[in-house]
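In what follows, chains are A, B, ... by sequence order, proteins preceding strands, each numbered from 1.
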Amino acid sequence: MYIPSLFTRKGPRVLLIQIKDDACDFCGCCVGVCPEDAIELQEARITLIEDRCTNCAKCVWVCPFEALIFLKPGAGVLPEAGK
Amino acid sequence: MSPVWDVIIVGAGPAGSTLARTVAAAGYSVLMLEKDRDIGMPVRCGEAVSDTSLRELVDVDPRWIASTIRRFRLIAPDGNMVEPDLGGHGYVLERRIFDYDLARLASEAGAVVRTKSYVDALVPGEDGFAGVRVKGNNGATIERARIIVGADGVESRVGRWAGLRTETRLRDMECCAQMTLSNIPVEDDACDFYFGQSVAPMGYLWVFPKGRNTANVGLGISGMAAKKRSPLSYLQDFVARTYPQAGILTTVAGGVPCAATLESVVSRNVVLVGDAAHQVNPVSGGGITSGMRAARLAGEAVIAALRENSPQRLGDYQRQWDKGYGAKHRMYYRIKEAVHGYSDETLNRIAAGVLALKPEKRTIWGVFRVALTRNPALIWDMVRVFGLTSFDDDA
């Protein structure tokens, strides 16, 4: 039986990390610790590259301003089918 | 076909600008790209440097200096204050002016500087990388270069694209929050450092004066501590407690990679300098002058590589850095690891121990010496550190 995992990049999964743009200072702390190179930071724009993120939550832990949140499993957004 | 630059530098901080100036002054074409619209802003930095290290790298312009520092005050969790003899002086800079001026000097030497130019990919080439893709105001363009330098700070991605492991471990990332406060009582010649689990666990809190009753008040805590509570909330607590009447002129976040230097800072024709290469003093978190120093070494290697048309010469930079500051920073890293484990009680005992010394023995090294005797296994590192140069790093 194949069990889709919440925490690996294999198979369909739920993205549990969310960035609150209004709390973000665009400092780059999260980019520095991201093991998957899944965050892109421009001057005042931050993007999570969804298909690279593994929900490891390091970005959430380091954020000095609590601008990243880790959703409870079940509360996340399912990627669109076929993506 | 666009021209091929000799060097493209990603990031216009002190390291990027120093490298740009060095290479451009030797007559090579340099393009320096900065993602932000301003060079030097926002200031994610406590801005303190020592006079000796800065003077060694650049002619110091008085306009860069907000205040001259002659005293350090280290404040233990119980409030005991240790004032070690510095044996020199330092500055709190105005990095808005400093960074901007270093970029201006690079441009005067012939480098082309562009802001609002975000590099989002390296372009693969036959031997290494052929250039970078730049997102600017007019969409994405390709800029080609013989050598590419990543001076792109704590959020560095250039190194990763070149195959180097530049990510910072959670425990080594010092997560920082800083406010510039006005209308507060500060002594203009003293930098204050507060320690303790309730103030800044696995890090420290700084109050660096900037003149006219203003100061940079900030703190850095390890990612392991930030996991439990955010740096901003620690800082807000401290400010509310200590300076209730303060005006808050800026609030910034930032990250400092307090790790040992990366094992490789060169990959084919890509070179990393500064925070991107983890060239920060892991004990103090200071990276201005060590990044500039690395940039100077890297600049010389880049010039040699361009002159002889051989990217192998970039390895000179790797070797020179490893031999000098790289080795020193690895020792500092072990010291940091030990100090981060100290409890409030230990810190209080250390402060009391230093205060028991004769005043003339209360040097910065005296403090370290007392601190490190709490962890005898570090004595070997200590001996080597003390055998090296005097205290000359910035914060």
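In this structure, A:E43 contributes its side chain and B:R37 its backbone to a donor-acceptor pair below 3.5 Å.
Taking SG from A:C29 and CZ from B:R44, the interatomic distance works out to 9.5 Å, rounded to the nearest 0.5 Å. Here the CZ atom belonging to B:R171 is positioned 13.5 Å from the CH2 atom belonging to A:W61, to the nearest 0.5 angstrom.
A 6.0 Å sphere centred on CZ of B:R96 holds no more than 12 heavy atoms belonging to other residues, nucleotides or ligands. Annotation: A:R45, atom CZ; neighbour count of heavy atoms from other residues, nucleotides and ligands within 6.0 Å does not exceed 12. More than 12 heavy atoms of other residues, nucleotides or ligands shown are found within 6.0 angstrom of CD on A:Q42. In this structure, A:E66 places its CD atom where only 12 or fewer heavy-atom neighbours from other residues, nucleotides or ligands lie under 6.0 Å away.
Residues in residues 219-242 of chain B take part in these ring pair (Phe, Tyr, Trp, His ring centres under 6.0 Å) pairs, two or more places apart or across chains: B:Y194-B:F238.
Heavy-atom pairs under 4.5 Å with chain A were tallied for B:M173, B:E174, B:R165, B:K228; the largest tally goes to B:M173. The greatest number of non-hydrogen atom pairs below 4.5 Å with chain A, out of B:R157, B:K135, B:E167, is found for B:R157. Per-residue counts of heavy-atom pairs under 4.5 Å with chain A were compared for B:S230, B:A226, B:A253, B:A276; the largest is that of B:A253. For the set B:P257, B:P231, B:G255, the count of heavy-atom pairs under 4.5 angstrom toward chain A peaks at B:P231.
Residues A:D37 and B:W161 share a closest heavy-atom pair of OD2-NE1, 3.1 Å. Considering all non-hydrogen atoms of both residues, B:L170 and A:V62 come closest at CD1-CG1, 3.1 Å.
Interface residue A:C63: only backbone heavy atoms are found under 4.5 Å from chain B. Residue contact with chain A, scored on non-hydrogen atoms closer than 4.5 Å, involves the backbone and the side chain of B:T251 alike.
The closest side-chain heavy-atom distance from B:D120 to A:E40 is below 4.5 Å.
In terms of the salt bridge (charged side-chain N to carboxylate O under 4.0 Å, His left out) criterion, residue partners of B:K35 (sequence neighbours excluded) are, by chain and number, B:E155.
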